[in-house]
Amino acid sequence: MTEKLNKVDAVIVGSGWAGGIVAAELTKKGHNVVILERGKARGSSDFVAMKDELRYSSRYELMQDLSKETLTSRNGLNKTALPVRNNYHARLGTDTGGAGDHWNGIAFRWLPYDFEIYSKTVERYGAEKIPQGTTIQDWGITYDELEPYYDQYEKAAGISGEENPLGPRRSDKYPNPAMKTTPTITLFKDASKKLGYHPYHLPSANMSQAYTNPDGELINGCMYCAFCEEYGCGFNAKSSPTVTVLATAEKTGHLELRNNANVTRVAHDGTRATGLVYTDTNTGKTYEQPADVVVLAGFVFNNTRLLLLSDIGKPYDPKTGNGIIGKNFTGHFTNISTYIGARGFFKDKKFNTFMGTGALGATIDDFSGDNKDHSNSDYLHGFEVHYSQLGARPIANNHVPKGTPTWGKVFKKNSIYYYNRNLFITPQSGFLPNKNSYMDLDPTYKDALGNPLLRVTCEYQDQDRKRARAGVAVCKQIMQQMGADIVDVDDVPDDTNFNHRFFTDHFFGGAIMGEGPHNSAVNTFSQMWDMENLFVVGGSSFPHNSNYNPTVTIGAFAYRAAEGINKYFSQGGGLVQQAKTNKGDT
Amino acid sequence: MTDDTDSNGTVVDDPTRRNFIKATSRVAGGSVGGALLGGVFVGQAAQAKPNEPKEQKQPETPNFQEARQFFTRTDDFEVLKAATECVFPEDDNGPGAVGLNVPYFIDKQLAGLWGVNGQDYRAGPFQPQASQDPGHVQPHPEQSAMNRGAIFLNGLRKLNEVSEKRFGKRFESANEEQQIQILQAFENDDIDMVGVAASDFFTLLRQTTLEGAYSDPLYGGNKNMQGWKMKEYPGAQASYSAVIEQDEFVKLEPISLTDYQG
């Protein structure tokens with residue numbers, strides 16, 4: 001039996017960056033907010049003795065417990081999806097702070113091109129340039145309209161950065177100077193410059209110095225201890241929801257963060273959301289938390305799945321192209337978008353690569369988005385090429401030159417010899433949506449509570465493989481310029497297809513934004529077009545994937561959503577942004 | 001501090017190449033006396049004397065952690081010892097899998113959450129053959145109906161079965177060349193196993209061996225941090241802030257997680 005609780009102003013699913021930002025901005029205005037977080041309570045005191053590669057990088061202890069719920073996955077419409085059974089294949093965040101507590105902290109803005117990708121492509125190349133089956137669309141917002149929210153997020157998170165010579169307009173400089181420059185970063189930058197490129201430090205949410213954000217939250221300076229990706233920071237030196245926005249919301253006295261609360265449905269009457277139904281995972285009891293405004297701020301998969309399970313909106317059908325919920329699944333994939341590249345082995349030079357931090361490194365934007373003319377390319381969008389020194393830990397780093405055995409005597413000698421003598425450059429590529437890549441409910445597999453799992457269908461297009469090859473070629477060129485004695489380059493064969501790995505945390509779509517309900521689920525304030533008191537915030541609203549890490553753009557849109565929700569309260573309801581009716585379907 | 005002058009240490013295709021070994025020893029030896037962040041690294045490669053009988057290194061009191069939690073049969077554990085040592089053998093750099101206590105590490109891992117796939121989705125139907133889809137990543141036998149403990153037991157017994165069939169003796173009694181030949185057959189899927197591909201078992205064996213060599217010693221492997229010392233990896237250091245910008249290679253005495261607890 002479901003117990004109905006007392007109504008609050010707003011109830012939010014998830015305590016990551018998206019949920020945390022919305023909670024902070026609503027509670028600062030005096031609204032009473034409940035966050036329902038299905039994971040356990042977690043914070044800085046859990047992170048002190050965290051420098052344990054086996055526990056957190058090999059066994060993925062901070063990641064979602066897949067024994068209770070996972071995804072299913074297939075790489076073609078006619079295939080049977082299978083469950084993604086272990087964390088090696090699905091590195092998904094959970095617990096208080098979500099993935100925002102164990103991210104690397106690479107903090108890019110996206111490009112003006114991204115938000116108007118359809119119009120700008122047609123304007124520069126003509127509509128026929130868009131490959132068949134590619135479902136790109138304008139987002140309904142311009143970079144200039146989003147810029148103030150970028151600035152707001154960067155100041156809240158204290159981003160450390162260096163001016164990007166090819167970057168879009170900024171209203172203000174980064175709140176903190178760039179991270180330290182190591183010898184390997186200098187090597188990458190010098191080589192890139194020599195080739196005519198424009199390197200700059202990766203923008204970073206690891207702090208270059210101690211910083212107090214506009215809400216009064218202190219974030220400490222980074223120790224470069226090499227335990228960042230997949231780890232929480234024991235020094236409070238990485239910007240995260242727990243050290244910033246959740247702390248701010250707590251201080252107002254208007255937030256209740258309820259852990260072990262697994263949301264299974266949005267309660268609604270067809271036109272309005274009335275609350276959230278959840279199961280307390282400690283007792284098995286079911287509750288309904290009523291609220292005036294309901295916010296879904298879980299990860300892409302959870303937001304999409306909750307809409308589908310709650311029968312909200314029209315599910316996308318890849319055969320007809322009709323429907324919207326589940327549409328435009330994109331991401332950064334390990335065998336095509338990132339984690340491939342060029343590895344250089346240096347016979348006579350040892351580097352301190354065991355030192356580092358998540359967002360320490362440098363990149364070039366010469367090939368990002370549409371910065372390079374694509375007239376003679378058979379793909380759209382591009383890639384940033386980066387070197388990062390995140391700290392080479394010993395279990396995961398046993399690289400040997402191609403052709404060397406991968407076990408036994410020769411392997412051991414070479415893997416030890418080259419442990420401190422190899423560097424890697426990777427291109428992170430954009431990924432454009434296509435009509436066959438989407439999410440729906442799986443017909444077979446269920447979670448621990450008996451609800452269908454989310455099924456992800458993902459197919460690569462030729463342009464995705466071509467973009468990846470172009471990126472890898474630039475990596476090779478730079479690595480050779482850096483003076484490596486051996487340069488091993490990853491291949492992207494013609495039969496490369498989605499490999500069922502959800503490893504990057506960069507996944508998008510399912511409840512995408514746009515100019516009107518004809519091609520989107522939400523407006524640019526993340527408000528559902530046809531259920532005005534339901535806001536679906538996060539990567540689920542992105543119609544495509546750029547060639548950058550997404551967190552800063554998720555943060556910017558979360559600030560915009562929070563502004564929209566506060567406006568919704570103050571104006572007493574209604575859409576906070578109307579549809580633009582003068583543009584047709586893409 | 002720097003050993004950039006040792007240019008002989010190129011790609012080592014031949015395990016018998018002496019110049020590489022000499023270079024490595026010289027490197028490590030040359031570092032003695034260099035202090036950074038208050039730590040003095042004593043090159044393990046220079047210290048290690050692999051030919052010394054192991055008995056001399058044993059502590060006088062027994063190590064009560066060196067007993068089995070998972071493997072019930074000594075025979076299985078002996079195959080595990082021999083197989084992991086093949087994957088990660090003792091050499092001039094330092095100890096191999098057995099010297100690092102990797103078999104006990106694996107035994108403890110299989111007895112815990114990971115061995116029973118405790119954090120994995122385990123509802124059927126299982127389709128183990130689907131892992132062989134070329135598009136599917138291989139490092140873990142993801143779709144098998146068996147848990148990791150069962151895969152290890154089946155795999156080790158299969159190794160022994162193949163050895164007895166091919167060479168008429170138990171796997172741990174076969175010579176090095178024969179053991180390598182059998183492991184290669186598993187790696188190349190030339191052996192049929194039930195419920196899991198032989199190459200999946202081999203990948204699991206290889207990965208777990210490396211984990212035992214290089215994880216924090218709290219898990220029972222990486223004995224005396226010798227895995228880390230071979231790689232000049234300094235473990236759970238609190239900060240590199242003061243030294244990360246310098247060009248010279250930095251050698252530090254490794255730190256384990258015991259320094260953070262208690």
Side-chain angles (χ1 to χ4, degrees), chain A residues 48-49 51-54 58-60 65-67 70 75 82-89 180-183 221-226 345 347-352 354-356 394-395 398 401 404 406-410 412-414 416-417 419-420 444-446 485-486 495 497-501, chain B residues 2-4 6-7 9-13 15 20 24 86-89 91 93 114 117-123 125 127 130 134-137 139-140 142-143 180 206 210-211 214-216 219 227-228 230-241 243-247 249-250 257 260-261:
Chain A
V48 175
K51 300 173 196 304
D52 185 337
E53 184 183 9
L54 184 77
S58 306
R59 304 286 180 259
Y60 306 101
D65 177 1
L66 301 181
S67 72
T70 186
N75 55 17
L82 292 175
V84 179
R85 293 189 180 275
N86 62 45
N87 292 113
Y88 179 81
H89 295 81
K180 288 179 190 288
T181 301
T182 67
C222 180
M223 296 285 149
Y224 300 86
C225 77
F345 295 89
K347 290 176 180 170
D348 304 325
K349 176 68 184 167
K350 282 168 84 173
F351 304 103
N352 293 310
F354 58 87
M355 308 175 185
I395 296 173
N398 292 287
T404 311
T406 56
W407 54 280
K409 282 182 180 165
V410 178
K412 186 186 174 192
K413 274 207 164 76
N414 280 280
I416 288 173
Y417 183 78
Y419 171 59
N420 287 310
T444 307
Y445 293 96
K446 294 190 165 43
D485 297 290
I486 300 166
D495 62 354
N497 205 352
F498 179 56
N499 62 357
H500 310 280
R501 278 194 85 184
Chain B
T2 155
D3 51 58
D4 296 347
D6 286 309
S7 56
T10 54
V11 191
V12 189
D13 297 319
F20 170 76
T24 312
C86 259
V87 169
F88 199 80
D91 68 357
N93 284 299
W114 185 76
N117 298 43
Q119 198 165 294
D120 296 356
Y121 185 77
R122 298 295 288 161
Q127 297 196 42
H136 213 105
V137 276
H140 295 285
E142 191 198 11
Q143 299 294 343
I180 289 171
R206 176 191 178 272
L210 292 176
E211 288 170 356
Y214 294 127
S215 55
D216 192 281
Y219 295 100
W228 288 352
M230 284 190 279
K231 276 190 162 175
E232 298 176 302
Y233 175 70
Q237 301 286 331
S239 173
Y240 297 116
S241 189
V243 291
I244 194 168
E245 288 161 299
Q246 73 184 45
D247 195 43
F249 188 73
V250 175
L257 283 170
Y260 288 76
Q261 295 172 10

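When reading the values below, keep in mind they use all heavy atoms of this one structure, side chains included, and skip hydrogens, waters and symmetry mates. We name chains A, B, ... by the order of the sequence lines, and we start the count at 1 in each one.
- Contact count versus chain B (heavy atoms, under 4.5 Å) is highest, among A:Glu53, A:Lys180, A:Lys412, for A:Lys412.
- Side chains of A:Tyr60 and A:Asn86: a donor-acceptor N/O pair is absent below 3.5 angstrom, by distance only.
- The contact between A:Phe351 and chain B is made entirely by backbone atoms, counting heavy-atom distances below 4.5 Å.
- A distance of 8.0 Å separates CD in B:Gln237 from CZ in A:Phe354, rounded to the nearest 0.5 Å.
- Residues meeting the salt bridge (charged side-chain N to carboxylate O under 4.0 Å, His left out) test with A:Lys51, sequence neighbours left out: none.
- Interface residue A:Thr444: only side-chain heavy atoms are found under 4.5 Å from chain B.
- Here A:Asp65 pairs with A:Ser67, A:Lys68, B:Gln119 under the side chain to side chain contact (heavy atoms under 4.5 Å, CB included) rule; sequence neighbours left out.
- Ranked by non-hydrogen atom pairs under 4.5 Å with chain B, the options A:Ala226, A:Cys225, A:Gly356 are led by A:Cys225.
- A centroid separation of less than 6.0 Å is found between the aromatic rings of B:Tyr214 and B:Phe88.
- Between chain B and the residues A:Asp485, A:Asn398, A:Thr182, the largest count of heavy-atom pairs under 4.5 Å involves A:Asn398.
- Heavy-atom pairs under 4.5 Å with chain A were tallied for B:Ala123, B:Pro125, B:Cys86; the largest tally goes to B:Pro125.
- Here the side chain of A:Asn352 pairs a donor or acceptor atom with the backbone of B:Val250 at under 3.5 angstrom.
- Of the listed residues (B:Leu257, B:Asp216, B:Leu210), the one with the most heavy-atom contacts under 4.5 Å to chain A is B:Leu257.
- Between chain B and the options A:Leu54, A:Val84, A:Val48, A:Asn87, the largest number of non-hydrogen pairs under 4.5 Å is found for A:Leu54.
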